[in-house]
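Just so it is clear, the structure is predicted and the values come from calculations on it, not from any experiment.
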Protein chains: 2
Amino acid sequence: MKFSTKDRYALRLMVELANRGPEETLSLKSVSDSQGISQKYLEQIVTPLSRAGLVSSSRGSQGGYRLTRPASGITAGDILRAIEGDLVPIPCLASQAEVCPRRSQCHTIGFWDGLRQVIDQYVDGITLEQLCSMKAEDLPLPDLE
Amino acid sequence: MKFSTKDRYALRLMVELANRGPEETLSLKSVSDSQGISQKYLEQIVTPLSRAGLVSSSRGSQGGYRLTRPASGITAGDILRAIEGDLVPIPCLASQAEVCPRRSQCHTIGFWDGLRQVIDQYVDGITLEQLCSMKAEDLPLPDLE
DNA sequence: CCCTTTCCTGCAATTTCGGTTGGAATGCTG
DNA sequence: CAGCATTCCAACCGAAATTGCAGGAAAGGG
């Protein structure tokens, strides 16, 4: 149960974009330099973010990417779902999953669906704006202990 | 971000064992028959559960596995951690991870650690006993919405 | 002694991960 | 218009993990 590097890099990429505001474009080259991620790999990561409508692009010299809306209107869930597709812990729960033949007597599907809900609730409750203001020191957490 | 089949099968295996109580032993052969999982694969799954002290075994004819303690004293988290080792969403948060060089200026580590806590809290809050009494129909959830 | 079962090791096919490579299209700028 | 920076597109690729299966050895009950 791990999130991929694409998930992690996507968050870091979006934080960089958010730091520039939605007007200024930022090239992958500069993100590559500041974050230490190869430009070519970033291309793969930004593509689904673009298709999901979270960022827009301009080509050519002085081109780059920018947020399509303020960072306060984008959640971590938006970003992760753009990369992962469905954010489900097991294939059974995917939106286009075939119906499991032992579904009716399954004792664990409820557990997994509960986990999905807990994860959804968490990632949708944290905005890109909040991410930007987080430092490593102050560990986060809405209101858990 | 998916949990492996071993994680899922481990839960189902443990539910089967719990249904027999901690006295009666149950062979992998019978679990294989009722759950439709190959006996050989189950062997791989039960081994870490045994090493983690969640089940004990007896060899030979009439042998099998049984819980080492009541199902009310075993959580889903216990089972998943036995299979997965650390239950962390990204390698950075593993207990024996090397320190990330960009840790101090990282804006996302807090997010991931929060996710880890949310997951931990959920899986540790559901006991094997609760799993046994779950049906597919009644979706779970302690008190979320 | 035979049968059942756990235990242990090794192998193998497939998929996923984590990228790299190569180039085409587009648009600014001198 | 030439050149350069950038996004876009599509393959490819090695390594690792996933998802098992096979073949036994060891132990215990009947």
Side-chain angles (χ1 to χ4, degrees), chain A residues 1-13 16-17 20 24-33 35-52 54-68 80 83-86 88-92 94, chain B residues 1-13 16-17 20 24-33 35-52 54-68 80 83-86 88-92 94:
Chain A
M1 200 286 293
K2 289 281 194 302
F3 284 80
S4 70
T5 58
K6 286 187 182 178
D7 291 320
R8 291 186 281 139
Y9 293 171
L11 286 188
R12 285 162 56 185
L13 168 62
E16 288 268 313
L17 292 185
R20 300 308 172 97
E24 201 174 342
T25 76
L26 189 61
S27 74
L28 294 189
K29 172 89 168 54
S30 60
V31 176
S32 173
D33 291 342
Q35 293 285 335
I37 306 167
S38 100
Q39 190 172 336
K40 283 299 195 175
Y41 200 34
L42 281 172
E43 288 181 11
Q44 282 184 46
I45 292 163
V46 83
T47 298
L49 296 174
S50 176
R51 290 201 217 283
L54 299 177
V55 305
S56 64
S57 60
S58 356
R59 288 182 164 195
S61 188
Q62 305 305 316
Y65 294 89
R66 60 195 162 281
L67 301 185
T68 55
L80 295 179
I83 302 293
E84 290 247 342
D86 272 333
V88 295
I90 63 170
C92 256
Chain B
M1 200 286 295
K2 288 283 193 302
F3 285 79
S4 69
T5 59
K6 285 188 181 179
D7 292 320
R8 292 186 279 138
Y9 293 171
L11 287 188
R12 286 162 55 186
L13 169 62
E16 288 270 311
L17 292 185
R20 302 307 172 97
E24 201 174 344
T25 75
L26 189 61
S27 74
L28 294 189
K29 173 86 168 55
S30 60
V31 176
S32 172
D33 290 344
Q35 293 287 332
I37 306 166
S38 98
Q39 191 173 334
K40 283 300 194 178
Y41 200 31
L42 282 172
E43 288 182 9
Q44 282 183 47
I45 292 163
V46 84
T47 298
L49 296 175
S50 175
R51 290 201 215 283
L54 299 177
V55 305
S56 64
S57 61
S58 357
R59 289 182 165 193
S61 187
Q62 306 304 318
Y65 295 89
R66 59 193 163 282
L67 300 184
T68 55
L80 295 179
I83 301 292
E84 289 247 343
D86 271 334
V88 294
I90 63 170
C92 256

Whole-Å distance separating the CZ atom of A/Phe3 from the C1' atom of C/dC17: 16 Å
Taking only the side-chain nitrogens and oxygens of A/Ser57, find out if one of them lies under 4.0 Å from OP1 or OP2 of D/dC8. yes
Reckon A/Tyr9 has a side-chain N or O less than 4.0 Å from the OP1 or OP2 of C/dG19? yes
Rounded to whole angstrom units, what separation is found between the NZ atom of A/Lys40 and the P atom of D/dA10? 13 Å
Nearest-angstrom distance from the residue atom CE of A/Met1 to P of D/dT18: 12 Å
Polar side chain donor-acceptor pair, A/Asp33 to A/Ser30, under 3.5 angstrom: no
Under 4.0 Å: is that the gap between some side-chain N or O of B/Tyr41 and OP1 or OP2 of D/dA22? no
Taking atom P of C/dG19 as reference, at what distance in whole Å does atom CD of A/Gln39 sit? 15 Å
Would you say a side-chain N or O of A/Ser38 is under 4.0 Å from OP1 or OP2 of C/dT20? yes
Whole-Å distance between C/dT16 P and A/Lys2 NZ? 18 Å
A/Glu84 CD to C/dT16 P: how many Å, rounded? 12 Å
Proximity to the side chain of A/Gln44 - top-ranked nucleotide from C/dG19, C/dT5, C/dC7: C/dG19
When you check the phosphate oxygens OP1 and OP2 of D/dC4, does a side-chain N or O of A/Ser61 lie under 4.0 Å from one of them? no
Out of C/dT29, C/dA25, D/dT19, which has the shortest distance to the side chain of B/Thr5? D/dT19
Whole-Å gap separating P (C/dC7) and CG (B/Leu42): 13 Å
